[in-house]
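Per chain, numbering begins at 1; letters A, B, ... match sequence-line order. None of these values were measured; they are calculated from a predicted model.
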There are 2 protein chains.
Amino acid sequence: MAGQTVDVIRIDPESAAHPYLQLADQLRAGIKAGEIGPVLPSIMQLTEETGLVTGTIRRAIGILVDEGLVYTVPGRGTFVRRD
Amino acid sequence: MAGQTVDVIRIDPESAAHPYLQLADQLRAGIKAGEIGPVLPSIMQLTEETGLVTGTIRRAIGILVDEGLVYTVPGRGTFVRRD
DNA sequence: TCTCATTTGTTCGTATGTATC
DNA sequence: AGATACATACGAACAAATGAG
């Protein structure tokens with residue numbers, strides 16, 4: 001199992017903001033607020049909770065990876081980088 | 001060991017029907033015809049016999065689980081539900 | 001009790017085709 | 001036309017449960 005369920009994630013399909021950006025923003029905020037971590041919810045969990053598909057989830061997480069905020073380990077999960 | 005080899009499974013990659021649906025249909029038909037069971041071939045066996053990958057096999061089996069036709073036991077296998 | 005092989009479960013990575021905006 | 005999103009499938013690694021010995 002990966003991280004806990006995160007009920008702070010709310011994607012608004014009607015919003016002008018793209019879902020992958022909404023998700024990246026909310027994940028980032030949750031991490032910085034200490035509400036998310038040290039292990040992020042799995043892509044499958046996020047798929048269920050957000051209604052988005054894996055490609056979109058991965059894209060949002062990819063942003064946080066690029067920012068150096070988290071890192072992923074294949075077969076394990078996505079982790080908040082502690083430094 | 002799990003179930004016997006099942007040479008009734010034939011996935012057509014050229015078909016318009018998605019492989020996971022083809023497999024689910026053929027497994028269901030084989031079970032109802034009494035040709036498959038009481039233990040399904042393992043996921044590994046099915047990957048070899050169909051050329052599909054584990055994710056696709058699992059998805060097909062998941063359909064039969066949802067239908068109540070079979071159930072899975074971790075470390076044991078997938079069994080036809082007898083009722 | 002311990003080890004090992006088998007089996008299902010979970011997870012990330014990548015690719016392709018289609019649909020929508 | 002291009003970017004975004006969805007659906008499906010393939011590839012790979014690791015984890016956990018089970019049973020045999």
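Contact between the side-chain N/O atoms of B:Tyr20 and the OP1/OP2 oxygens of D:dT8 is found at a separation under 4.0 Å. Here B:Arg58 reaches the OP1 or OP2 of C:dG9: one of its side-chain N or O atoms lies under 4.0 Å away. Side-chain N/O atoms of B:Arg76 include none lying less than 4.0 angstrom from OP1 or OP2 on C:dT6. Between B:Thr54 and D:dC10 there is no side-chain polar atom (N or O) within less than 4.0 angstrom of OP1 or OP2. A close approach under 4.0 Å does occur between a side-chain nitrogen or oxygen of A:Ser42 and OP1 or OP2 of C:dT11. Within the structure, a side-chain polar atom (N or O) of B:Thr72 is placed less than 4.0 Å from OP1 or OP2 of C:dG9. Proximity of B:Thr78 to the phosphate of C:dT7: no side-chain N or O atom is located under 4.0 Å from OP1 or OP2.
Rounded to an integer number of Å, the gap from CZ of B:Arg59 to C1' of D:dA7 is 7 Å. Rounded to whole Å, the distance from CD on A:Gln45 to C1' on C:dG9 is 13 Å. The distance between atom CG of B:Leu40 and atom P of C:dT7, rounded to the nearest whole Å, is 13 Å. The distance between atom CG of B:Leu46 and atom C1' of C:dT8, rounded to the nearest whole Å, is 12 Å. The separation between B:Ile57 atom CD1 and C:dG9 atom P is 13 Å, rounded to whole Å. Rounded to whole Å, atom C1' of C:dT6 lies 8 Å from atom CE of B:Met44. In this structure, B:His18 places its NE2 atom 16 Å from P of D:dC6, rounding to the nearest Å. Residue B:Phe79 contributes atom CZ, which lies 17 Å from atom P of D:dA17 at whole-angstrom precision.
Contact check for A:Leu40 versus A:Leu46: no side-chain heavy atoms found under the 4.5 Å cut-off. Two residues are said to be in side-chain contact when any heavy atoms from C-beta on lie closer than 4.5 Å; B:Ile36 and B:Gln26 fail this criterion. Within the 4.5 Å cutoff, side-chain heavy atoms of A:Thr47 are placed close to those of A:Ile43. Using a 4.5 Å heavy-atom cutoff, the side chains of B:Met44 and B:Thr54 are not in contact.
Across all strands, A:Leu52 comes closer than 4.0 Å only to sugar-phosphate atoms, never to a base (heavy-atom distances).
Interatomic distance, CD1 of A:Ile31 versus CD of A:Glu67, reported as 9.0 Å (0.5 Å rounding).
With C:dC12, C:dT8, D:dA9 as the choices, the nucleotide that has an atom nearest any side-chain atom of A:Ile43 turns out to be C:dC12.
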